Every structure is written in C-alpha cells, then in structure tokens.
*Asks:* 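This structure is in structure tokens; I'll ask about it shortly.
Only heavy atoms go into these numbers, but all of them, side chains included; no hydrogens, no water, no symmetry mates. A note on names: the letters A, B, ... follow the listed sequences, proteins ahead of strands, and every chain is numbered from 1. Treat the numbers as computed from the prediction; the structure is a model and nothing was measured.
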2 protein chains.
Amino acid sequence: MKLSVKTDYAARAVLSLASLPREGPARKVEELAETVGTSANYLVQILIELKGAGLVDSVRGKHGGYRLAKAPEEITLGMVWRASEGSILDVPAIVDDDCPAGLREAWKSASASLTESADQVTFAQILEASGRDREMYYI
Amino acid sequence: MKLSVKTDYAARAVLSLASLPREGPARKVEELAETVGTSANYLVQILIELKGAGLVDSVRGKHGGYRLAKAPEEITLGMVWRASEGSILDVPAIVDDDCPAGLREAWKSASASLTESADQVTFAQILEASGRDREMYYI
DNA sequence: TGGCACATGAAACTTTCGGTCAAAACCGAT
DNA sequence: ATCGGTTTTGACCGAAAGTTTCATGTGCCA
C-alpha cells in the first residue's frame with residue numbers, strides 16, 4: 001500500500017504554514033508550492049480540501065493566500081491525512097458480514113493502531129523536531 | 001487510503017486454507033474462490049503471489065490445488081499483506097532528503113506502528129477467533 | 001484594475017480488477 | 001507406456017477507475 005503524493009504534499013504544506021506566525025500576512029499559494037515542491041495548480045486543490053476540513057483559512061484579494069486555522073498543537077498528522085484521503089485506512093472487510101469475525105477483528109486492530117499513531121503526533125511536535133534538526137547543521 | 005480487495009481476498013484465502021488440515025488433499029482454486037467470494041481467474045493470480053512469498057504450496061494434476069506452506073501459527077497478517085502489495089505502507093517521503101526531518105520521523109513512526117500491528121496477529125489466532133464465533137451460532 | 005483564490009474540466013498516466021488463452025504438469029485408466 | 005482429462009501455471013490483454021497535472025475562466029478584495 002502506498003501513500004499518495006497528495007497526502008504527502010498536504011502534510012508538507014501544513015508544516016510550512018505552521019512554521020510562520022498565524023498573525024502575519026497570509027502565504028501565497030505560489031510560494032507554498034515552491035517550498036512543498038509541486039505545482040501551484042495542484043496544491044490549490046489540496047488546500048481547498050484542507051480548508052473544508054477546517055485546518056486552513058484563506059484570504060482573497062491582492063494580499064491573499066493561506067494560513068493555519070488552528071494552532072499547530074491542535075493539528076495532528078491524522079487530521080491532515082483524513083482531510084486529504086477521506087479516511088486514514090479504510091478496510092471494507094470490517095463492515096462485511098461475509099468476512100469471518102476473527103479476520104474482521106484483525107483488520108480493525110491494525111487500522112486502529114495506525115489511526116492512533118497518526119492522531120498522536122501534532123504539527124507542533126513535527127515542527128520542533130524539524131527545527132531542532134536544522135539547528136544541528138549550524139553547530 | 002483504502003485497502004485493495006486483492007489483499008482482502010488474499011487474507012480470506014489464507015484463512016480458508018488454514019481452516020483445514022495441511023495433511024489432507026489440496027483445495028481446488030474453484031472451491032477456494034467460492035468461499036472467498038471472487039472469481040477463480042482472479043484468485044489464481046493472488047495465489048501465485050502468495051506462493052512466491054512461500055506462504056502457500058500448489059499441487060498440479062487431477063487432485064491438485066493449494067495448501068498452506070507453513071503452520072497457521074507462523075503466518076501473520078503482515079506477511080500476507082506484503083505478499084499481496086509489496087509493502088504494508090510505503091511512504092516515499094521517508095527516504096526523501098527534501099522532506100523535513102520531523103515529518104519523516106512522524107511518517108516512519110506511523111508506518112512502523114501499522115507494520116508491528118499487522119505482524120503481531122497470526123492466522124492461528126484469527127482462525128480461533130473466527131471459530132469461536134461460529135460456534136456461538138449453534139448454542 | 002490587478003492580483004489572487006476559487007471552481008471546473010480535461011489530458012496524461014498509473015493502478016485495479018479481472019478475462020482469456022496456451023502450455024505444462026499430473027493422475028488414472030487403457 | 002501411452003492417452004485423455006483435469007488442474008496449475010504464467011503471460012498477455014483490456015476496460016474501468018483513480019491519480020496527478022495542467023489549463024481556463026470566474027469571482028473576490030484591496
């Protein structure tokens with residue numbers, strides 16, 4: 001199973017937005033796309049979904065752009081994942097009555113384990129871990 | 001992210017094979033396909049991959065078919081998952097140097113959590129849990 | 001009016017989910 | 001030993017769906 005680049009981009013975009021103050025000017029899609037490493041056209045679609053999930057806010061007009069809708073402490077990797085893909089791990093067998101009960105339980109437990117892990121890490125933590133690492137280059 | 005039906009079928013097929021003695025006659029693909037709930041043509045492709053991973057053995061000829069290559073205690077859900085999809089959860093960002101270190105760590109931890117969970121449950125356990133459940137219908 | 005988000009649509013590409021077919025291996029009977 | 005039927009094997013093919021990207025036009029705000 002492979003993670004889509006879409007979710008990858010979404011996480012990088014949120015992280016990038018988390019790295020600057022929410023009170024400052026909104027960040028333009030063009031800029032964001034450059035740091036994320038994709039095209040602005042594609043990133044817009046992702047940002048719209050993130051906005052629909054309430055993770056991000058947009059500002060129109062001349063000095064428009066995007067900024068975080070919540071504090072980085074309140075945004076988890078799981079939230080971004082769900083916003084991008086609908087669900088973190090959807091296993092149809094879990095709700096299939098023809099699937100043996102034991103197998104259903106096994107899938108359910110695997111899925112729950114991934115979800116818990118993804119919802120446990122916030123972008124404040126990710127940001128700090130990235131920042132600390134970057135400092136090491138300057139020592 | 002959605003689990004492919006291929007992996008779902010693979011797990012059901014292995015579970016079905018685990019439910020009968022390995023010393024008995026091999027189970028025909030046609031029968032297996034019926035209990036799994038898919039076409040024999042498609043299931044064959046899955047079984048070939050399971051065989052390549054050493055989870056299943058095949059017998060040719062008139063009384064041919066498939067049987068488990070290992071004891072159910074030695075086959076985990078993770079093994080079947082990897083045999084079917086190559087890897088349980090592939091996150092390209094983990095090996096991307098352009099990805100911030102903190103984000104890489106977050107992905108790595110989520111992926112490890114899922115892998116551990118999938119490798120923890122064996123088909124002996126799944127079989128027992130399903131069997132116990134089935135008995136309840138007869139009480 | 002100009003810059004920008006927003007919305008939509010379509011092209012290019014990959015993956016999924018199977019179907020089809022011929023050949024190889026095996027068994028049982030002749 | 002040979003023949004015929006059964007079954008796996010493995011490759012190729014193809015429609016359908018999803019992914020990723022680009023392009024175009026519209027509406028909003030300073």
Side-chain angles (χ1 to χ4, degrees), chain A residues 1-13 17 24-34 36-53 55-69 81 83-87 89-93 96, chain B residues 1-13 17 25-34 36-69 81 83-87 89-93 96:
Chain A
M1 212 169 36
K2 198 165 134 217
L3 188 79
S4 68
V5 299
K6 185 178 171 186
T7 303
D8 185 7
Y9 292 160
R12 297 194 200 199
L17 287 178
R27 174 171 267 178
K28 281 191 287 190
V29 174
E30 201 81 30
E31 285 173 24
L32 211 46
E34 177 136 6
V36 166
T38 182
S39 75
N41 271 330
Y42 190 32
L43 192 57
V44 166
Q45 297 180 33
I46 298 169
L47 286 168
I48 290 175
E49 294 189 78
L50 291 176
K51 183 184 175 184
L55 303 179
V56 146
D57 270 340
S58 71
V59 181
R60 288 193 167 195
K62 180 140 183 177
H63 296 103
Y66 283 88
R67 62 166 68 103
L68 244 46
W81 202 332
S84 163
E85 310 213 25
S87 84
L89 178 56
D90 176 27
V91 183
D96 178 5
Chain B
M1 211 170 35
K2 197 166 135 217
L3 188 79
S4 67
V5 300
K6 184 178 171 187
T7 302
D8 185 9
Y9 291 160
R12 297 194 198 199
L17 288 178
R27 175 170 268 179
K28 283 192 287 192
V29 175
E30 201 82 31
E31 286 173 24
L32 210 46
E34 177 137 6
V36 166
T38 182
S39 74
N41 273 330
Y42 190 33
L43 191 58
V44 165
Q45 299 180 33
I46 298 169
L47 287 168
I48 289 175
E49 295 190 77
L50 290 176
K51 184 184 175 184
L55 302 180
V56 147
D57 270 339
S58 72
V59 181
R60 289 190 167 199
K62 177 135 184 176
H63 295 104
Y66 284 88
R67 65 165 66 103
L68 244 46
W81 203 331
S84 163
E85 309 214 24
S87 84
L89 179 55
D90 176 27
V91 183
D96 179 4

*Asks:* Taking atom P of C:dC4 as reference, at what distance in whole Å does atom CG of A:L32 sit?
*Replies:* 14 Å
*Asks:* If you assign A:T7 and B:G65 each to the DNA chain D nucleotide with the nearest heavy atom, which residue ends up on the more 5' nucleotide?
*Replies:* B:G65
*Asks:* To the nearest 0.5 angstrom, please state how far the OG1 atom of B:T38 sits from the CZ atom of B:R12.
*Replies:* 10.0 Å
*Asks:* Check step by step if side chain to side chain contact (heavy atoms under 4.5 Å, CB included) holds for B:L47 and B:L32.
*Replies:* CA-CA 10 Å; B:L47 287 168; B:L32 210 46; 4.1 Å; yes
*Asks:* Round to a whole Å and report the spacing from NZ of A:K6 to C1' of D:dT21.
*Replies:* 13 Å
*Asks:* Which comes earlier along DNA chain C counting from the 5' end, the contact point of A:K28 or that of B:Y9, where each point is its nearest nucleotide?
*Replies:* A:K28
*Asks:* Tell me, do A:L89 and A:M1 make a side-chain contact under 4.5 Å, heavy atoms counted?
*Replies:* yes
*Asks:* What is the distance, rounded to the nearest whole Å, between atom CG of B:L17 and atom P of D:dT8?
*Replies:* 12 Å
*Asks:* Nearest to the A:H63 side chain among D:dA30, C:dG18, C:dC6, which nucleotide is it?
*Replies:* D:dA30
*Asks:* Find the distance B:D90:CG to C:dT15:P and express it as a whole number of Å.
*Replies:* 11 Å
*Asks:* Expressed in angstrom and rounded to an integer, what is the separation of B:L43 atom CG from C:dG18 atom P?
*Replies:* 11 Å
*Asks:* So, do A:I48 and A:Y66 sit near enough that their side-chain heavy atoms are less than 4.5 Å apart?
*Replies:* yes
*Asks:* Using a heavy-atom cut-off of under 4.0 Å over every strand shown, decide if A:Q45 touches base, sugar-phosphate, or nothing.
*Replies:* base
*Asks:* Report the nucleotide, chosen from C:dG19, D:dT8, C:dC6, that has the shortest atom-to-atom distance to any side-chain atom of B:S39.
*Replies:* C:dG19
*Asks:* Which nucleotide sits closest to the side chain of A:T38: D:dT21, C:dC17, C:dG19?
*Replies:* D:dT21
*Asks:* Surrounding CD of B:E31 (heavy atoms of other residues, nucleotides or ligands, distance under 6.0 Å), is the total greater than 12?
*Replies:* yes
*Asks:* State, yes or no, whether a side-chain contact exists between B:K2 and A:P92 at a heavy-atom distance under 4.5 Å.
*Replies:* yes
*Asks:* Taking any heavy-atom pair under 4.0 Å as a contact, classify A:V29: base, sugar-phosphate, or nothing.
*Replies:* sugar-phosphate
*Asks:* Heavy atoms, side chains only, cut-off 4.5 Å: are B:K6 and B:S84 in contact?
*Replies:* yes
*Asks:* In whole angstrom, give the distance that lies between atom OH of A:Y42 and atom P of D:dC22.
*Replies:* 11 Å
*Asks:* Please pick, from C:dT20, D:dT6, D:dT21, the nucleotide with the shortest atom-to-atom distance to any side-chain atom of B:N41.
*Replies:* C:dT20
*Asks:* With heavy atoms under 4.0 Å as the rule, sort B:K2 into base, sugar-phosphate or nothing.
*Replies:* nothing
*Asks:* Which whole-number value in Å describes the distance from B:E49 CD to C:dT15 P?
*Replies:* 14 Å
*Asks:* State, yes or no, whether a side-chain contact exists between B:E85 and B:D90 at a heavy-atom distance under 4.5 Å.
*Replies:* no
*Asks:* Rounded to the nearest Å, what distance is computed from the CG atom of residue A:D57 to the P atom of nucleotide C:dA5?
*Replies:* 14 Å
*Asks:* Within the pair B:K62 and C:dA29, is there a side-chain N or O less than 4.0 Å away from OP1 or OP2?
*Replies:* no
*Asks:* Let me test you: for the helix from C:dT1-D:dA30 to C:dT30-D:dA1, what is the angle between the axes at its two ends (five pairs each), rounded to 10 degrees?
*Replies:* 10°
